[in-house]
Amino acid sequence: MTGSQSVESPFTALPAKIDFGEMDRKVIKWWQANDVFARSLERTADGTPWVFYEGPPTANGTPGTHHIEARVFKDLFPRYRTMRGFSVPRRAGWDCHGLPVELAVEKELGLSGKPDIEKVGVAEFNARCRESVLRHVDEFMQLSERMGYWIDLEHPYETMSPEYVDSVWWSLKRIHSDGRLVEDFRVAPYCTRDGTTLSDHEVAQGYEMVTDPSVYVRFPLLDAVAGHVGADLLIWTTTPWTLVSNTAVAAHPDVTYVVARTNQGTFVVAEPMVRRVLGDNAEILASLPGSTLEGLHYERPFDLVDIPDAHRVVLADYVTTEDGTGLVHQAPAFGAEDLAVCRAYGLPLVNPVTPNGRFLDEIDVVGGVFFKDADALLIDRLKENGKLFRHEPFEHAYPHCWRCHTPLMYYAQPSWYIRTTAVRDALMRENESTKWYPEHIKHGRYGDWLKNNIDWAVSRSRYWGTPLPLWRCENSHVTAIGSRKELGELAGADLSDLDPHRPYVDAITFACPECGETATRVPEVIDAWYDSGAMPFASLGFPHVPGSKEAFEKTYPAQYICEAIDQTRGWFYTLMAVGTLVFDRSAYENVVCLGHILAEDGRKMSKHLGNILLPIPLMDAHGADAVRWFMACSGSPWSQRRVGPGSLDEIVRKLLMTYWNTASFFSLYASHTAWAPQTAHPVSERPILDRWIVGEVHALAAAVTERMENYDTARAGRLLADFIDDLSNWYVRRSRQRFWEGDQDALTTLYECLEFLTRLLAPFIPFITEEVWQQVVRRGDESAPESVHLATWPQPDTSLISSEMSAQVATARAWPRRDGRRARRAAYGSASR
């Protein structure tokens with residue numbers, strides 16, 4: 001080693017061992033003391049805007065390890081874009097409304113449903129909801145700080161703020177003016193526990209596998225069919241409880257039906273289903289087109305409720321022969337298709353089930369019984385009256401409330417709908433111009449969702465939510481309101497301080513602009529998903545707050561959003577739907593769709609299973625960088641992945657410690673020699689190994705940049721990990737003699753590689769890269785930015801990249817491996833002899 005031990009050097013040898021948790025806390029304090037996040041924003045304030053939207057979490061529960069995943073991606077790419085000179089403001093937000101909040105407060109207060117809430121009082125209940133939604137904000141802020149998620153938490157938007165509600169009202173008024181916010185009597189999925197309908201995208205999140213009774217039921221014909229008297233229509237259903245309301249039986253007009261006889265009787269079924277339903281020995285007595293069945297009368301299975309002028313065969317194109325019998329029983333109060341068909345025939349709608357899901361008390365057999373519990377009672381009655389042909393269990397996915405897990409009931413009642421079907425083509429157009437990661441989501445999970453789009457049931461018969469801004473008079477004139485100011489002008493009062501929530505807003509009335517009669521607000525609140533989808537403009541208070549129009553023009557649409565895969569039918573959809581409805585343009589251009597994080601045992605993390613990993617203790621044990629690297633780079637981020645101590649320990653050992661030890665190795669030898677970067681030869685005059693590794697790090701910058709532009713963190717991570725291995729286990733090992741001798745070229749080459757590599761790694765693992773930047777890079781270059789996160793993204797110098805040299809070194813590296821394999825084969829051969 002050249003030089004003296006007394007040489008003054010700016011370098012101090014880094015310790016071989018490091019407590020990553022302790023290092024993280026030291027770095028966080030340094031960032032805060034030096035206001036690094038704010039300075040990174042200031043540095044690029046005049047740069048090209050690159051807009052990122054934060055999907056707002058609800059802070060009425062504690063954050064979990066799964067919350068880290070999306071936050072890593074929400075932090076990584078804004079950091080990367082900021083280093084590239086883009087202006088990337090990042091503002092946090094809190095989702096405050098909705099049924100999950102109400103359910104949590106109900107549980108806290110020991111309430112059971114809407115009657116109990118109204119006994120407590122809407123004002124008191126909503127006050128408790130307001131308090132609960134920000135209860136765990138501090139814990140989310142702690143998580144964000146601990147993992148290095150840089151976002152403005154001091155000025156968050158809240159979906160319950162009056163300005164936010166004003167903006168949501170403005171958008172709903174606009175949709176109403178376009179004729180796309182309408183009230184209709186429809187069958188919609190309904191939660192009997194919560195007393196409210198669910199939107200289609202909510203239903204999609206709550207399917208559970210269940211085993212229901214599957215019954216084939218005889219409906220004796222009262223008329224002759226094809227000259228045969230005494231035949232039974234045979235229908236199949238997995239919802240026996242709906243048979244109480246049977247109003248008609250639907251046949252397809254173009255399907256061929258048969259009259260078939262077995263030793264159990266004579267039946268009418270669709271020809272394609274006869275063998276499957278009646279067996280191979282069924283005797284075909286007659287064939288006829290479905291259209292000839294129209295109008296035939298039959299005897300219904302139960303005579304428990306009065307349904308006048310009904311019980312005849314109708315025709316419907318939706319009937320299929322894929323399962324069942326080709327004949328479908330119609331209960332218009334409990335099926336959207338049933339309702340449409342029966343309406344077309346002028347048949348009555350009779351609903352014997354109350355909104356709490358129980359049959360009316362006065363009904364025989366099932367009075368007061370919950371609808372799903374009625375199946376067994378009714379099947380017994382079918383056996384008694386001879387109408388049951390066959391009964392067998394049927395396993396299938398059944399929709400449940402995604403929050404309280406109550407089986408949903410498709411239920412006919414009036415509701416307010418946004419006619420998203422009217423903009424289906426526009427939604428599909430916007431999807432075509434959107435880049436999805438992974439790409440298959442675009443025309444798969446999400447594209448299929450758009451193709452099968454149905455109108456959005458946006459109203460909720462609940463309490464804690466944005467009130468539907470519609471006032472109606474006794475003459476049914478509806479007035480849509482676009483703000484509290486507008487409401488005050490109609491009511492003749494200053495409502496600038498009005499809390500725009502129930503019950504306060506319900507007390508505001510005004511003279512109907514059309515007829516002068518008193519207009520009162522319709523009672524519903526809106527789907528909280530609409531609040532979330534309105535975030536791009538409502539978070540600004542657009543268009544009412546001064547400056548909001550200018551701010552909106554600069555920030556719409558977002559270049560980037562990111563959440564887990566379940567948001568394809570949640571936030572991703574509502575962002576695009578609301579944006580397209582209001583502005584004829586989707587709210588985002590690029591969307592990263594992540595797989596779910598599982599416990600190490602492969603199951604979903606839950607307290608019940610005892611496999612929860614608390615996020616902050618996990619980062620204290622392994623370091624935030626290890627957790628961040630796992631989320632971004634370990635396996636495909638689009639797939640489910642298992643996280644646990646084993647996988648994190650491997651990241652620490654193979655990646656973080658290898659990088660750290662390489663920096664430590666450099667600092668050790670740099671501290672013992674009078675080294676400075678300018679003492680080295682130009683790269684072109686250095687030894688081949690130096691030229692090779694410098695070329696490799698510049699090629700790495702080009703390759704990682706390409707991957708980052710395509711949101712491919714997994715491949716970018718593999719490239720970075722491979723280079724760290726090359727730098728440590730090939731370049732450094734084969735240059736040890738030169739470092740011992742204080743070779744200026746070797747030290748400069750390693751320093752340049754570490755400086756370049758540290759900037760490339762900074763968005764991924766911001767803590768350890770900051771420490772290396774402070775302890776190595778800045779000590780070697782006083783002009784270096786104060787923080788690695790104030791540095792620019794590395795720009796590769798293509799003149800330093802040589803594919804020929806890379807190939808030569810690759811060949812040289814292959815020789816030891818080849819000789820090693822030969823030696824192992826020779827040793828094995830000798831042993832076998």
Side-chain angles (χ1 to χ4, degrees), residues 20-21 23-32 34-41 44 50-59 61-83 86 88-95 136-157 535 539 558 560-564 567 571 592 594 597 613-620 622-633 637 643 648 708 711 713 717 761-771 787-790:
F20 285 112
M23 180 198 71
D24 292 350
R25 287 186 282 272
K26 183 182 79 170
V27 169
I28 289 170
K29 289 180 180 178
W30 188 86
W31 283 342
Q32 292 172 341
N34 292 276
D35 207 15
V36 179
F37 174 39
R39 289 167 62 192
S40 74
L41 297 177
T44 59
W50 192 80
V51 180
F52 156 71
Y53 294 154
E54 158 73 318
T58 303
T62 57
T65 296
H66 63 284
H67 284 101
I68 298 177
E69 181 189 32
R71 280 167 170 72
V72 166
F73 281 81
K74 293 175 184 181
D75 183 66
L76 194 160
F77 285 102
R79 283 181 183 267
Y80 162 70
R81 287 287 173 175
T82 300
M83 291 182 75
F86 290 89
V88 192
R90 285 153 262 177
R91 185 184 181 194
W94 304 110
D95 206 351
H136 297 281
V137 161
D138 287 348
E139 292 165 71
F140 274 90
M141 293 175 69
Q142 290 168 11
L143 175 66
S144 298
E145 176 187 284
R146 182 64 188 84
M147 63 172 287
Y149 178 23
W150 279 0
I151 192 165
D152 182 1
L153 290 161
E154 295 182 6
H155 309 94
Y157 65 87
M535 167 263 152
S539 61
Y560 171 62
I561 61 170
C562 170
E563 293 292 346
Q567 295 301 325
W571 195 50
V592 169
L594 302 170
I597 296 299
L613 292 174
L614 297 175
I616 290 181
L618 190 70
M619 290 186 282
D620 286 343
H622 304 276
D625 286 330
V627 180
R628 287 176 63 109
W629 187 270
F630 174 86
M631 298 298 180
C633 305
V643 64
L648 297 177
M708 292 292 280
Y711 299 89
T713 56
L761 288 168
F764 295 85
I765 45 177
F767 294 93
I768 192 173
T769 51
E770 187 69 87
E771 187 70 3
S787 165
V788 67
H789 305 294
L790 298 176

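- Using cut-offs of 30° and 60° on the angle between ring planes, the pair His67 and Phe140 is perpendicular.
- Ring orientation note: the planes of Tyr711 and Phe77 are tilted relative to one another, at an angle of 30° to 60°.
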**OP:** Could you give me the CA-CA distance, side-chain angles and deciding distance for Phe767 and Met619, then say whether side-chain contact (heavy atoms from CB on, under 4.5 Å) is met?
**Re:** CA-CA 12 Å; Phe767 294 93; Met619 290 186 282; over 6 Å; no
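- Aromatic ring centres of Trp31 and Phe37 lie farther apart than the 6.0 Å criterion allows.
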**OP:** Give the C-alpha distance, both sets of side-chain angles, the deciding distance and a yes or no for side-chain contact (heavy atoms from CB on, under 4.5 Å) between Phe86 and Thr44.
**Re:** CA-CA 6 Å; Phe86 290 89; Thr44 59; over 6 Å; no
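- The distance from the CG atom of Leu153 to the CD atom of Glu54 is 8.5 Å, given to the nearest 0.5 Å.
- Salt bridge absent: Asp75 and Arg71 never bring a charged side-chain N and a carboxylate O closer than 4.0 Å.
- Taking 4.5 Å as the limit, some side-chain heavy atom of Val36 sits within range of a side-chain heavy atom of Trp150.
- Side-chain N or O atoms of Arg91 include one that pairs as donor or acceptor with a backbone N or O of His155 at under 3.5 Å.
- For the pair Leu41 and Arg90, the minimum side-chain heavy-atom distance is below 4.5 Å.
- When the options Pro615, Ser144, Pro63 are evaluated for a side-chain contact (heavy atoms from CB on, under 4.5 Å) with Glu139, the one that passes is Pro63.
- Legend: salt bridge (charged side-chain N to carboxylate O under 4.0 Å, His left out) pairs involving residues 141-151, not counting sequence neighbours, sorted by first then second residue: Asp24-Arg146, Arg146-Asp620.
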Original post:
Given Val27 and Glu771, is the side-chain contact (heavy atoms from CB on, under 4.5 Å) satisfied, shown in steps?
Top reply: CA-CA 7 Å; Val27 169; Glu771 187 70 3; 4.1 Å; yes
**OP:** Any chance you could lay out the side-chain contact (heavy atoms from CB on, under 4.5 Å) test for Ile561 and Trp571, step after step, and finish with the verdict?
**Re:** CA-CA 10 Å; Ile561 61 170; Trp571 195 50; 4.1 Å; yes
